[in-house]
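Residue numbers start at 1 and run along the sequence shown. From a predicted model like this one, the values you see are computed outputs, not experimental measurements. Heavy atoms only: backbone and side chains are in, while hydrogens, waters and symmetry mates are out.
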Amino acid sequence: MQLSWNEIRQRSVTFAREWSGATRERAEAQTFWNEFFSVFGIRRRTVAAFEEPVRGLTGTFEFIDLFWKGKLLAEHKSRGGSLLRAHCQAVDYIQRLHDDARSDEVPRYVIVSDFARIALHDLEAEDAEHRSIEFALADFPNQVRHFAFIAGYETLRLDEEDPANFRATELLANLHDRLEDGGYTGHDLQRFMVRILFCLFAEDTGIFEPDMFRHFILNRTREDGSDTGAQLNRLFEVLNQLPEVRQANLDEDLVSLPFVNGELFAERLSFADFNRGMRTALLECCRFRWEKISPAVFGSLFQNIMQPRQRRQIGAHYTSERDIMKLIRSLFLDDLRTEFESIRRDRRALAMFHRRLGEIRMIDPACGCGNFLVIAYRELRRLELDVIQARFGDNPSEGDIRGEARLNVSQFHGIEIEEWAVRIAEVAMWLMDHQMNAELFARFAQVKATTPLVRSPRTVHTNALRIDWNEVLPAEQCTYILGNPPFVGKKARNPSQIADMQHVFGGNSGSGTLDYVCCWYAIALKYMRRNPAVRASFVSTNSITQGEQAGILWPLLFGGGLSIGFAHRTFAWVSEARGGAHVHVVIIGFSIEDTGPKFIWEYDADPERPVRSPVPFIGPYLVSARSVLPNRTRPISRVPAMKFGNMPNDDGNLLLETRDACDEIVESCPEAAPFIREIICAREFLNGKRRWCLWLVDAPPAMIRRCLPIRRRVEAVRRYRSVSNRMTTRSLAESPALFGELRQPTSRYVLIPRHSSEKRAYVPMSYFDADVIAHDSCLTLPNASLYHFGVLSSAMHMAWVRQVCGRLESRYRYSAKLVYNNYPWPTDVTDAQRRRVAELGQAVLDARSQHPDATLADLYDPDAMPPALRRAHDRLDRAVDACYRRQPFDSERQRLEHLFELYEQLVSPLVPVTRRARPKRRA
């Protein structure tokens, strides 16, 4: 049984009292962690192991103090020990899990302690404020909420504007869980909970008589709950009956119930067998004031409730209305509002405008719980209120004001693969309809009943990628498509999603690389061809405008006639309840018909106040440029060629993890010393660690044969390669003393890590001599001058990197073919400018050298970057900018648009030359 939070807090008090006072020995760590887990009602040995072995690249093992696969990793130090060192050790173990093909076991959380203090690190937190917390163990009871995931909860922040949401979730979740524990499950439970939510909301917002539902439970059901399910089913039946067909002897508490209609109560459910606890839970729900909850968040709230308990969050992280409004305002609302203001004194134009509002039809083909549809409906109804008042004044007619309303919920359509989400979307739309009718009556001082629900939204439970959307809403009737389709990357897709993508994209080359969300763009384009006047907008992961995906997706869409009308460049989106962290997204508005003025919103200067700019065209990278970048084998500018590092393909046998391992070989075979070289991997480069390797390119065969430690390693490489499933690797078994791929520069070179944190303002790069071996986790730039280093270390180049590079998770994935070879270097650079960039490039290296004990990860941490290094980069940025143009760049978008313009100038001469040559050959 999952413990309540009161029980967990009480246990945490006892735990902190017992462990925070006395002096403790390192040997007591296992007892500490056993009792720590018991605070949350978890038997440690059922989920986590002590002394979990993890293998290094050499094959040697080290041991994690405590390991819960996929969940958490703990390291413990003696009292007074360094928690920072423990954390670094834990991070190293996590990297080893990746290296050992155990990525599915990588934990999200790291906990370190020395008995006196404890620290928690959330490796998936999006913002630094919520990434780590450290405190005295005595304060554990006050911090225990941060460890909610151990008990099966996920702790997420609640939006400040919705303080009642947590309590609402808790109450409904308690009722849901009790019913489920009693065996009431599946479709009936989902439908039942939606009906209960409607009734709770109805008695607090005027649909029912005040407290009618609560009084019915109190007065018409037994305290032991034995007849509660049957009585509720009777109530549901009455809500689905017109008053004139109800039985004459109907219970007096049911007589006043309105006819709801709308199919909410039409289906007959099996009744739930209640007990006393279930009835009490229902009455607790009735005591809450549900008018505090907006239907706009019902979907997210209910999504929380319906999750299995072990995945449920403490507090919900709802989709921000502000973020949804970005899409709605850009797609239609701002234009409609502007048009209304321009004609509000023209009665004839107002009438035509009002009629057009009544003809709007929209579809959300991944509607989830209906958030977008609910808010779009609310905003259009409020616009219509202003239109009615402008047309008729404060007293339009003596009759029901609803006769003047043109908008209704049946104009809104949705497709959703989860059945329970479809039901929630329906009820949320009904309740928003009720609220909007109430606003209508209040605006014109009328008192009218808001039931029955004579219209219903059309929400269909099916896979949107396998249905013709015309069956839900014919394209000829559609005005807008909108929504937030699911983001699922290549590695995270399940078999059915893989099949969906094959169904949508067929044999299109490279389509398997695309995010799942791209399917909705492809189907929307096909749908819109039947009605080119349709306008659409989706929230999407920003990866579809970056890296390889941009080069695959957008030629398909542009080739089909799609045009981007507006775009919100990358910003942090507050996602829906489950897993609720921030993700980085874009909003793209598109159509087939050219929609006239085009706008880009950018969030660089102030994420809270985006800047809107008019542009003549919007391309695949959401800048005013048409180019789609290919993978190139050579740079488009006259610069040194970039190469991959050397790939061992050796199962770790040619790599030496420690200096001791090197010394052991040299002691045994002194002549082997020249063939032991330092090797730089991306991880070591960024984190200041050292590794070595056996570099046997010119080693005498007799030495390899005589030196037993080397011969054993070479034989192990041969065995490893010879049993590989890949023919190429098996062929490498013929040369087991060498790295699988050799690309070592013969001169001094600049090293670039292929992967780097997106939080760094710059990808750290540095110089190395030719005798330092570059691992294939890095790229090399042989014969690079300080001018080349300076340009690559500039804000100008980083603007290109952020937009063009691929991503590994959210980290930059630097690429020679896509990023470097397509990068447009400045042209017409004077010798003085070149010298200035070189000088300031050296100044960056000098600023780093002032901190010999700091790693590059330390130096380029945005919170720890030394002021001198930051100033050196700022001066370098200005010098590189001046190589491109005299006028400063005000935003990253300006940088990108300038770079793409230069790119097009550099590559466009290549095209006409080829075309002119063909007629000559024929002649």
Side-chain angles (χ1 to χ4, degrees), residues 547-548 551 627-649 677 679-682 685 695 697 728 738-756 762-794 796-801 803-806 812-829 833-834 837-838 841-842 844-845 880 883-884 899-900 902-911 913-914:
E548 289 181 279
S627 297
V628 178
L629 304 177
N631 282 312
R632 295 183 184 274
T633 57
R634 297 178 181 177
I636 62 170
S637 300
R638 297 184 64 182
V639 292
M642 183 174 285
K643 301 179 179 180
F644 277 98
N646 304 276
M647 185 177 71
N649 199 352
R677 302 279 188 88
I679 186 169
I680 300 295
C681 306
F685 173 64
W695 190 252
V697 174
T728 304
L738 303 180
F739 275 38
E741 296 179 12
L742 300 171
R743 305 184 192 89
Q744 181 61 16
T746 58
S747 61
R748 194 164 183 254
Y749 62 92
V750 168
L751 181 139
I752 304 99
R754 288 172 59 193
H755 300 110
S756 181
Y762 306 91
V763 174
M765 307 175 188
S766 197
Y767 279 97
F768 288 92
D769 292 329
D771 61 350
V772 177
I773 307 304
H775 190 270
D776 74 322
S777 59
C778 305
L779 299 163
T780 65
L781 195 63
N783 303 310
S785 68
L786 279 167
Y787 168 73
H788 297 127
F789 171 82
V791 173
L792 294 177
S793 299
S794 70
M796 200 72 180
H797 181 245
M798 282 306 301
W800 185 261
V801 170
Q803 190 63 55
V804 174
C805 77
Y812 302 135
R813 185 191 298 218
Y814 198 96
S815 158
K817 290 183 177 180
L818 188 62
V819 180
Y820 180 79
N821 289 347
N822 282 307
Y823 181 64
W825 290 67
T827 56
D828 302 322
V829 181
Q833 288 175 321
R834 192 179 293 269
V837 170
Q842 182 61 55
V844 167
L845 295 172
V880 173
C883 292
Y884 282 94
L899 288 170
F900 273 104
L902 182 56
Y903 170 86
E904 289 167 359
Q905 292 172 9
L906 289 169
V907 301
S908 58
L910 303 176
V911 177
V913 169
T914 303

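- Heavy atoms only, all atoms of each residue included: Leu818 and Glu548 are closest at CD2-N, 3.7 Å.
- Side-chain contact between Met642 and Ile752 is present, with heavy atoms from C-beta onward closer than 4.5 Å.
- Atoms CZ and CZ, from Arg748 and Phe768 in turn, are 10.0 Å apart once rounded to the nearest 0.5 Å.
- In this structure, Tyr884 and Pro826 approach most closely via the heavy-atom pair OH-CD, 3.1 Å.
- Closest non-hydrogen pair, Val697 versus Leu738, comes out as CA-CD2, 3.6 Å.
- In this structure a side-chain-to-backbone donor-acceptor pair under 3.5 Å is missing from Tyr823 to Pro635.
- Residues Val837 and Val829 fail the side-chain proximity criterion, which asks for heavy atoms closer than 4.5 Å.
- Closest heavy-atom contact between Leu786 and Tyr767: N-OH, 3.3 Å.
- Residue Ser637 comes nearest to Leu906 through the heavy atom pair OG-CD1, 3.9 Å, listed as atom of the first residue, atom of the second, then distance.
- Atom CD1 of Ile679 and atom CZ of Phe739 lie 4.0 Å apart (nearest 0.5 Å).
- When side chains are defined from C-beta on, Phe685 does not count as touching His775, because their heavy atoms never get closer than 4.5 Å.
- Proximity of a side-chain donor or acceptor of Thr780 to a complementary backbone N or O of Tyr749 within less than 3.5 Å is not detected.
- With hydrogens and angles disregarded, no donor-acceptor distance shorter than 3.5 Å links the side chain of Asn822 to the backbone of Leu629.
- Looking at Val907 and Arg632, their side chains come closer than 4.5 Å, going by heavy atoms from C-beta outward.
- Residues Leu845 and Phe789 meet the side-chain proximity criterion, which asks for heavy atoms closer than 4.5 Å.
- Among all heavy-atom pairs drawn from Pro753 and Pro764, the shortest one is CD-O, 3.1 Å.
- For Trp800 and Tyr820, the gap between ring centers reaches or exceeds 6.0 Å.
- Ser627 places no side-chain N or O within 3.5 Å of a backbone atom of Glu904 that could act as its donor or acceptor partner.
- Residues Val791 and Met796 are not in side-chain contact: their nearest non-hydrogen atoms beyond the backbone lie 4.5 Å or more apart.
- The closest donor-acceptor contact from the side chain of Gln744 to the backbone of Asp771 lies at 3.5 Å or more, if one exists at all.
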Check against side-chain contact (heavy atoms from CB on, under 4.5 Å), Val844 and Ser793 | CA-CA 9 Å; Val844 167; Ser793 299; 5.5 Å; no
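- Taken to the nearest 0.5 Å, the OH atom of Tyr814 stands 8.0 Å off from the CG atom of Leu779.
- Remark: the backbone N or O of Asp776 is not paired with any side-chain donor or acceptor of Asn646 at under 3.5 angstrom.
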